[in-house]
Amino acid sequence: MEKNPLRICMLSSEAVPFAKTGGLADVASALSTSLARGGHDVRLFLPLYQRVQEAGFPFERVEALTDIEVTAGSRSYVFTAFQSRLPRSETSAYLLHCNDLYGRDGLYTSDDDEHLRFGLFTRAVLECCQRMEFAPDVFHLNDWHTALLPLYLKGPYAWDELFASSKTLLTIHNIGYQGLFPIEAVADLGLDDVRKHLYQEDVADGVLSFLKTGILYADLLSTVSETYALEIQTETFGMGLHELLAGRSGSLVGIVNGVDYDEWSPEKDEKIPFHFSRDDLTGKEQNKRALLDDLRLPFDRDVPVMGVVSRMATQKGFDLMFEVLPRILAERDLRLCVLGSGEERYERFFQWLASEFPTKVGYDTAFNDRLAHMIEAGSDLFLMPSRYEPCGLNQMYSLRYGTVPIVRKTGGLADTVTQFDPETGEGTGFVFEDYSPEGLRWALELALSLWPNREAWARLVQNGMSRDFSWDHQAERYVKVYRELVES
Ligand code: ADP
């Protein structure tokens, strides 16, 4: 237990088990839980989306945080906080209800008031802190959605002594999403008085960038792997923000995400039918059979199963698969189990692949947590050829489930998977460098040609399963960073 516990206010647009579209949800929840386990006072805030409200989680309305009015331009919005607990933890999650903003389908929208849905959420969190008289040592912000908070502290909330010593850390989980809005949003968000602090070139261009504002004013920046921290300072990966980030390189750290092994461990995973461990992999083969049954594909112990679980976005490297997968499926005996939805051209590709190779390829477009766990547990290989990958979680889940990752050497993939060398028996997966169909094909061929060598394969599986990316370890790195911030 910590001698000097910290007060952390964590803001995120998603957190498991309530709302999830990607890795951010896993991270926000698991990091909060881990910090709280270490004795810190962590309060996690997220919006109470309609679908979360309907999902039947146990919530309690917080009397002191009821009917909080936040004014935006000529309109007022009323927020009420509902408190819940994170699973297997005493950590408080505060879900902010505001029907006008969150009473619609989905977590994210392309509606005209998207800037208000997250900008005002950020303000509402500050209002909650005031009412709870909670003076965070650190506001931990995640992605563009909450990146305006440092500017709110500098502007409309600068008067409040409660926040006088609070520091801000902005974690960039994916620089591809920046929260860009027409400049009129500034008035809506109550930021007219601090307009001069905005990035003036953007203002001249009529744009408000949430993320850029956060990058300018957060006390410290972090991202979710060491390699990605370097990559985003380059033109190739910086999505237009590389110069700004390079200018703040002294205040930018990379910390690889941890894995929530309570959720993702083959020994106790509640979403898979057969448990297994490093010492006894019998259950893995049973899961393989169950997975293939689920997707109506024939089981054969000697035929490798390759899994994909992913948002179907360009970032994830699907373009490389267009050329490589049809050929490899035609040439090789292989099963491919794919789960994910997103851009239509990718969905159509996998639908086509499943119809072209009906005994080899299964595809499900649902968001299906159980199937995601099944694919990790039942596959032999996991494919993640990302164009860029800030951290990536699935490759780390794969390692724990004895499912060998095939990844491109970028971002967190480069930091967590190492190339297997059959000579030395070292390494945990297959890593290709060049973002090209040839690169992917090289890695796939290497993996498939090692597969029949049972001894080498078993060694590779053991190497992966013994890697430890637990949050307790990674959370310590955040604590160190928080302390440096507080003492600065
Ligand atoms: P990103 O955050 O860029 O989407 P990550 O690898 O960091 O990528 O995290 C993705 C998370 O979302 C993983 O936990 C993965 O299992 C989950 N996921 C993605 N698509 C689906 C889906 N269709 N069904 C269930 N889980 C999914």
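Atoms within a ligand are numbered from 1 in the order they appear, just like the ligands themselves.
Checked against a 6.0 Å centroid threshold, the rings of Y482 and H40 do not count as neighbours. Between W144 and F181, the ring center distance clears the sub-6.0 Å criterion.
R408 and E433 are not joined by a salt bridge, as no carboxylate oxygen comes within less than 4.0 angstrom of a charged side-chain nitrogen. For R327 and E323, the salt-bridge test fails: no basic side-chain N is under 4.0 Å from an acidic carboxylate O.
The local environment of CZ in R85 is crowded, with over 12 non-hydrogen atoms from other residues, nucleotides or ligands closer than 6.0 Å.
For F59, there are no ring pair (Phe, Tyr, Trp, His ring centres under 6.0 Å) partners two or more places apart in sequence or in a different chain.
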Protein N/O near ligand 1 N/O, under 3.5 Å, which pairs?
residue	atom	partner	partner atom	Å
ligand 1	2 (O)	G23	N	2.7
ligand 1	3 (O)	R311	NH2	2.8
ligand 1	3 (O)	K316	NZ	2.8
ligand 1	4 (O)	R311	NE	2.8
ligand 1	6 (O)	L393	N	3.0
ligand 1	7 (O)	L393	N	3.4
ligand 1	8 (O)	K316	NZ	3.1
ligand 1	9 (O)	G23	N	3.3
ligand 1	14 (O)	K20	NZ	2.9
ligand 1	14 (O)	D26	OD2	3.3
ligand 1	16 (O)	N394	OD1	3.3
ligand 1	23 (N)	A366	O	2.9
ligand 1	24 (N)	N368	N	3.0

